[in-house]
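One structure is given below, encoded as structure tokens.
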Amino acid sequence: MNETNDESLKAQVREYWNAHPCGTQFTELEWGSKKFFDEVERFRYGTQPFMRPLMEFDNFRGKRLLEIGCGLGTDLLQFARSGALVTGVDLTPASIELVRRRFAMENLPVDARVADAENLPFADASFDAVYSFGVLHHTPNTQKAIDEVYRVLKPGGRIVIMLYHKNSIHVYLGAPLFRLSHRLRPGARTLIEDWVRVYDGAENPLGKAYSRMEIRGMFSKFSNLRTIACDPIRRKYPAAVNWLNQKLLSRRWGFWLVIKAGKH
Ligand SMILES: C[S@@+](CC[C@H](N)C(=O)[O-])C[C@H]1O[C@@H](n2cnc3c(N)ncnc32)[C@H](O)[C@@H]1O
């Protein structure tokens, strides 16, 4: 894939997420109201209570933390409430506008900007921590974005990044079933990418997933790399299925792969 194609694909990615800021799909409320933000937050951590400790919302007090692809800023707000000095970037003006409004309502400071993960507008070694949840697999050049994370991270800094996991039950079972009822989308590179893409909406132009081995290669410049697989709790499944999955399967074959590492 050449750089020109990347830019036109990225324009599609921007257009999609600008029209569907992440989280708005879970509520009917008018975007940007206090009720709306509260509802988005309640839904997110009500459904996925394990996120708070796993994403380490409380571990960065007094630290300069950058979130890449902050969407509505729901996670960024958790870091800020715990005392982190937060900066959030997203490719879409719609998200950044909502983040600014949300933080103003909370009376919390934030540097929120429209920016591209592949070309971050920050000097080298600017941040103690970089966080990104479900984002870098949506940008055409994921490796370039990871190299940018490394560049803006201070020596001694830490990352917490979630990317989709290829060796997961969601992909093993879902992709072949998807193929039975769908043709490969024109332009899709693989069946897996086409299936992963629709996880974020039928019209989402791009989604990718990686194996642990691929992740080790892509993050090879970082130190102390750990990957933790987990699965979102799915409300459409019976409680027993979710319980079994959380207890027995998701740590190995979960679809969310949380990457934690540092920089020497
Ligand atoms: C699935 S949403 C996740 C949003 C948020 N992290 C969350 O968990 O709710 C993906 C987000 O990534 C952003 N995004 C995609 N490509 C990006 C890029 N190259 N640079 C910055 N943000 C990007 C989109 O605009 C969108 O807000």
Side-chain angles (χ1 to χ4, degrees), residues 1 3 5-27 31 36-37 39-48 50-52 54-57 65-80 86-100 102 110-122 129-149 151-152 159-164 196-209 230 232 255-259:
M1 205 186 286
E3 207 60 25
N5 281 343
D6 278 0
E7 284 313 313
S8 83
L9 182 53
K10 199 181 292 169
Q12 293 171 45
V13 170
R14 181 185 293 110
E15 194 181 334
Y16 175 75
W17 289 109
N18 204 49
H20 309 91
C22 201
T24 54
Q25 69 272 36
F26 301 120
T27 168
W31 296 4
F36 161 83
F37 287 120
E39 176 75 7
V40 167
E41 191 172 343
R42 202 171 24 249
F43 180 83
R44 190 172 180 89
Y45 309 120
T47 321
Q48 316 301 343
F50 63 85
M51 281 186 74
R52 175 168 286 281
L54 185 58
M55 303 306 152
E56 305 187 25
F57 292 146
L65 178 139
L66 169 67
E67 178 171 2
I68 301 175
C70 55
L72 301 182
T74 316
D75 291 350
L76 194 63
L77 187 63
Q78 311 309 307
F79 289 112
V86 298
T87 300
V89 297
D90 199 281
L91 199 54
T92 62
S95 291
I96 291 303
E97 157 72 27
L98 288 164
V99 171
R100 289 186 181 141
R102 174 58 158 158
V110 65
D111 175 1
R113 310 187 194 178
V114 175
D116 177 4
E118 296 180 27
N119 294 290
L120 292 173
F122 305 109
V130 177
Y131 174 76
S132 185
F133 188 91
V135 174
L136 304 184
H137 45 232
H138 294 304
T139 200
N141 195 334
T142 299
Q143 184 64 61
K144 197 169 173 207
I146 293 168
D147 292 344
E148 281 292 86
V149 171
R151 184 183 67 75
V152 301
I159 59 165
V160 178
I161 292 178
M162 189 281 275
L163 296 177
Y164 293 151
V196 167
R197 178 185 66 73
V198 300
Y199 180 76
D200 288 281
E203 299 307 318
N204 173 31
L206 181 63
K208 295 175 271 184
C230 59
F255 184 53
W256 290 359
L257 197 58
V258 180
I259 298 145

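Counting convention: from 1, in listed order, for ligands and their atoms alike.
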Would you call Asp75 and Arg44 a salt bridge, taking side-chain N to carboxylate O under 4.0 Å as the test?
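A salt bridge is present here (some side-chain N lies under 4.0 Å from a carboxylate O).
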Who's touching ligand 1 if we go heavy atoms under 4.0 Å?
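Contacting ligand 1 under 4.0 Å are Val13, Trp17, Cys22, Arg44, Glu67, Gly69, Cys70, Gly71, Asp90, Leu91, Thr92, Ala115, Asp116, Ala117, Phe133, Gly134, Val135, His138, Thr139, Asp200.
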Partner residues of Glu97 under the salt bridge (charged side-chain N to carboxylate O under 4.0 Å, His left out) criterion, sequence neighbours left out:
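Salt bridge (charged side-chain N to carboxylate O under 4.0 Å, His left out) check on Glu97 returns Arg101.
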Treating Thr142 as the side-chain partner and Leu136 as the backbone partner, does any N or O pair qualify as donor plus acceptor under 3.5 Å?
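Yes: the side chain of Thr142 pairs with the backbone of Leu136.
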For a 4.5 angstrom cut-off between non-hydrogen side-chain atoms, does Lys144 reach Asn119?
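Touching, per the 4.5 Å side-chain cut-off.
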How about Lys10 and Glu118: do any of their side-chain heavy atoms sit closer than 4.5 Å?
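Yes, their side chains come closer than 4.5 Å.
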Look at the aromatic rings of Tyr164 and Phe255 and report parallel, tilted or perpendicular, splitting at 30° and 60°.
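Rings of Tyr164 and Phe255: parallel, as their planes differ by under 30°.
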